[in-house]
Amino acid sequence: MRTPAPFLIVSGLFLADPVHAVEPVPETLRAVQVQAAKVHAVDDFELPASSTTVDVGTAGNGRGALVGEALGGVPGLSARERQNLAQDTQLSIRGFGARSTFGVRGVRLLVDGVPATMPDGQGQLSHFSLLGADRIEVLRGPFSALYGNSSGGVLQLWSADGQAGDPWRLRSSAGSNGSASTGVQLKGKTGAMHYNVAANHFRTDGWRDHSAARRESLAARLGFALAPGQRLDLLLNGFDAPHAQDPLGLTRVQVQADPRQATAVATQYDTRKSVRQNQAGLVYTLDREHQTWRLMGYAGQRAVEQFLAIPPATQGNPLHSGGVIDLDGNYGGVDARWAWHGALAGRPLELVLGANADRQRQHRTGYENFIGTTYGIKGRLRRDQRDQVQNVDQFAQAWWQFSPRWSALVGARHTQVRFRSQDHYLTAGNPDDSGRRDYSATTPVGGLVFRANDGLRLYASAGRGFESPTFNELGYRADGGAGMALDLSSSTSRNYELGAKWRAQSGARLELALFRADTDDELAVATNSGGRSSYRNIGATRRQGVELGWQQPIGESQHLQLAWTWLQASVRDGYLTCTGLPAPCRVPTNRVAPGSRLPGVPRQQLSARWQWQPGAWQWAAEVVAASDMVVNDLADARAPGYALLNLEAAREWLTTRGPLRVFARVDNVLDQRYIGSVIVNDGNQRYYEPGPDRGVTLGLQWLWDRGS
C-alpha cells in the first residue's frame, strides 16, 4: 500500500532520529584496535590503512534494528538489505563477499574483539546488537589479512562500556508493512562491575508477500575491574529468529508485473528459515607500564533449519540431499596475545605477538521437503553427516615511527584450516562420501606513512590475502553429485593501496584511497537453484578502484557527510560456465571472456547525508545511489542503477527524568522502483530482489536519568 501524499507532508515535520549539532572540535586521538589488542597512543590517522568509524550510540542517527542501515556512509562497503530476513544482509567490501546468497563471506566480523565469524569463515550480521553498541569500525585493504581467513575487510562492533550515572534507555518504533521494534538498554556501573545489557524485539509483515519475520536478541557486556591494570569482560549474546519467510527472487517479468509478489514455489513449499544462536566470551586484559596481555576464550551453539523449493522429481535422485537443511553445531576458540610499547633507536615502537585456535563441529542432515503431495513438511532423511573444521593461527605485527615524518606498520599471519566430513547416510545408491581437505597460507603485509604536515598523511601499503571455502560453499558439488565439494581450492589475493588522509581543526575530514586486489582461484557461484548454491574456482580476477570519504561541518549546527566508491571488478582469465544452459548442467560450455564484469558488484556507489539542528529540532536528508550491476557470469542480464532520497527529523524534550525524543523517517521519499539486491547466477533467472517503495517509521526514545 502506497503512502498517501498528505501523510508524507505531515510526516516530514517529524522525520527519523535526532541529529545533533556538530561543534568544531580540536583534533583528538582515537586509539585504533589492531588485532583487537590496543596499539597504544596510535590514532588510525597514523596507520597505512583505510579505516572508518561509525558512531551508533545514543547520539548517533540510530536508524533501526538492522546493522546494514547504519553502514551507508562507509566508502567501499555495500550493505544491501534484501527485504528477506531469511537470508540476512548482503554485505561486501571492495567487491569481496558480493557472491554471497546469504550470510557474510570474505569479510571478517567481530563483536568486542570476539569472533562473530564462524571458524569456517561464514558470518552473520543478524545477531549484532545496535541498541547496545557504541561504534562500528570498518577496516578495508591489505591489513585485513592480519585478522585471518578473510580478504576483503574487517567489520567490528564495539559495545558501550557502562559508567556510573549512565542513563537507561527505552526505544520503540513502528512503521510501514507492520514493522515494529522495541528495545531496552540497561547501562551503568555498580561497585567494580561495568554493565551494558540490551534486549530487542523486532517483527515485520514484510514488504513483499511471504516475507514476514520476527527476531529477538539479547546482548550483554559485563566488565569487572579485578585490580589496577586488570580487567575481566564477560560477553553474552543470544539470537532467535523462528520461521523467517523467504519470498525467493523474481524474474525481470515478475518484477515489472508486481515487485511485491513472492515466487509461486515460495508459498507452495513454504520456504523459510529458523536460526537460533547463543554465544559467550571471556576476555582478560592485563595492562602494565609497557605491556598488555590479552587472553580470550569463547564458545557458542548455532542451529539452522531451512526449507527450500526443490521439486520432488529432483529430490528423488538417490544422490540428492533433499529440500530441507537442518544444521546443529557448536563452536569455540581461544586467543592469546602480547603487546609491547616502547622505543627503538629513540623512536616509538609497538609490537604485537599472538596465536589463536578455533574449532567448529556441526551435524548436517537433509530431508525431503514434502510428505506425499503435501509440501513444506520435513519428510524422509536424505543426508546425514558430521563435519568439523579447525584452524590454528600465529601472527606478529610491528609499528615503528622511525623518523619524525615517517612510520611503518608491518605484520604477518600464518593460517592453517582443516575440514573433515564423515558421511553417515549410506545406501545402495549413495556411497560413502566422507573426506577431508586442508588449507594453509602465510599472509605478510606492510605499509608506510608520510607525515606531510600536522593535518595531512600520505601512505602506501601492500599485502597478501587468503580465503578458504566455508561449509556452505563446500556443502554441494557443482556437478550435482553427493557429498561435499572437497575439490574446491582456497583463493589468494595480492592487495595494494595508495591513500591520503586530511584533517582540519574545524573537524573537517577527507580520505582518499586507490586500491587494487588481484585474486587467484576466485571462489564464485556455479549454480543457484531453489535456495541452494554450489560454488567453483574460476581463476584470476581483479578488483580496483577509488574510495572517497568527506565530512564537513557547516557553521555550528550543520554537518555534511559524503562517501563515494568507484569499483571495477572483472575477470582476468576466461572460463566456462553453466549459466544460460539447461539444468542440470554437468559440463559447462558457455564461455566468459576475459575482462567481463564480476556479477553482484555495482561500478559506482554514492551516499550523501546533510544534518541540521536548530534548537530542539533535528533534521536530516540523505541520498543513496548505486549504478547498475550484472547478475550472472555471462553479463547478459543486469539490475539497473537507482538513486533514493530519505528524510529524517526529531524533536527532543527535557523531562525531570531525562530527555524524551520523538522521531520519524521516510525512506524512498520519491517512491522509486529499484532492485535492492540480486541472487547471482540463479538457475531459474530469478535474479532480482526488489527494494521497498516509500516507507514511514515513527518512534520515540527515552533516556531515563536514574539520579545519583
Side-chain angles (χ1 to χ4, degrees), residues 32-40 42 47-49 106-110 113-121 123 139 141-154 156 281-286 290-299 331-342 344 349-360 388-400 408-420 436-447 461-470 489-495:
V32 69
Q33 301 286 340
V34 177
Q35 289 296 324
K38 183 178 291 186
V39 178
H40 295 263
V42 182
L47 298 179
V107 177
R108 203 74 179 172
L109 307 177
L110 300 99
V114 176
T117 296
M118 295 288 177
D120 71 332
L139 176 68
F143 279 93
S144 64
L146 286 179
Y147 287 77
N149 186 7
S150 65
S151 299
V154 180
Q156 298 197 68
L282 203 60
V283 180
Y284 170 74
T285 306
L286 172 63
H290 295 289
Q291 301 182 67
T292 298
W293 293 88
R294 178 181 178 274
L295 302 175
M296 182 274 291
Y298 73 102
Y331 59 93
V334 294
D335 181 288
R337 58 191 65 193
W338 167 78
W340 178 82
H341 56 286
L344 175 64
L349 175 68
E350 305 280 344
L351 298 176
V352 178
L353 300 174
N356 69 276
D358 307 271
R359 186 174 68 174
Q360 177 183 355
Q388 177 177 303
V389 61
Q390 60 186 24
N391 69 276
V392 178
D393 293 23
Q394 307 87 36
F395 55 86
Q397 65 185 44
W399 177 85
W400 185 33
L409 178 65
V410 296
R413 188 181 188 105
H414 178 75
T415 300
Q416 185 173 44
V417 185
R418 294 181 175 180
F419 286 90
R420 301 291 183 268
R436 59 180 58 194
R437 185 67 191 267
D438 294 350
Y439 304 93
S440 64
T442 299
T443 52
V445 294
S461 60
R464 294 182 62 86
F466 165 71
E467 183 180 358
S468 68
T470 67
S489 300
S490 60
S491 62
T492 58
S493 59
R494 299 170 301 282
N495 304 299

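Scope of the values below: all heavy atoms of this structure, side chains included, with no hydrogens, waters or symmetry mates.
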Review point. Hey, mind stepping through Trp340 and Leu349 against side-chain contact (heavy atoms from CB on, under 4.5 Å) and telling me if it holds?
Key: CA-CA 8 Å; Trp340 178 82; Leu349 175 68; 3.6 Å; yes
**Study point:** Criterion side-chain contact (heavy atoms from CB on, under 4.5 Å) on Trp399 and Leu47, from CA distance to verdict
**Key:** CA-CA 9 Å; Trp399 177 85; Leu47 298 179; 3.8 Å; yes
Exercise for review: Run the numbers on Asp335 and Arg294 for side-chain contact (heavy atoms from CB on, under 4.5 Å), then give the verdict.
Suggested key: CA-CA 8 Å; Asp335 181 288; Arg294 178 181 178 274; 3.5 Å; yes
Exercise for review: Take Phe395 and Tyr147, measure what side-chain contact (heavy atoms from CB on, under 4.5 Å) needs, and give me the verdict at the end.
Suggested key: CA-CA 9 Å; Phe395 55 86; Tyr147 287 77; over 6 Å; no
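Atoms CG and CG, on Asn356 and Asn391 in that order, are 6.0 Å from each other to the nearest 0.5 Å. One distance of note links CD of Gln390 with CD of Gln416; it measures 8.5 Å at 0.5 Å rounding. The distance from atom CH2 of Trp400 to atom CG of Leu344, rounded to the nearest 0.5 Å, is 4.5 Å.
Nearest approach of Tyr331 to Pro119, heavy atoms of both residues: CB-CD, 4.2 Å. In terms of heavy atoms, Thr117 sits closest to Leu109 at OG1-N, 2.8 Å. Pairing each heavy atom of Gly463 with each of Val445, the nearest pair is CA-CG1, 3.7 Å. When all heavy atoms are compared, the tightest approach of Leu353 to Ala396 is CD2-CB, 3.4 Å. The two atoms that bring His341 and Gln291 nearest to each other are CE1-N, 3.8 Å, heavy atoms only. The minimum heavy-atom distance linking Ser493 with Asn495 is given by the pair OG-ND2, 3.4 Å.
Inter-residue side-chain proximity for Asp438 and Arg420 is flagged as met; some heavy-atom pair is nearer than 4.5 Å. You'll find the side chain of Phe143 reaches within 4.5 Å of the side chain of Pro48, heavy atoms only. Taking 4.5 Å as the limit, some side-chain heavy atom of Thr285 sits within range of a side-chain heavy atom of Val283. Met296 places a side-chain heavy atom less than 4.5 Å from the side chain of Pro115. Taking the side chain as every heavy atom from C-beta outward, Arg359 and Gln388 approach each other to under 4.5 Å.
Of the N and O atoms on the side chains of Tyr298 and Asp358, at least one donor lies less than 3.5 Å from an acceptor on the other residue.
Thr443 contributes a side-chain N or O that, together with a main-chain N or O of Arg413, makes up a donor-acceptor pair within less than 3.5 Å. In this structure a side-chain-to-backbone donor-acceptor pair under 3.5 Å is missing from His414 to Asp393. One N or O on the side chain of Asn149 and one on the backbone of Ser468 form a donor-acceptor pair closer than 3.5 Å.
Using cut-offs of 30° and 60° for the angle between ring planes, the Trp293 and Trp338 rings count as tilted.
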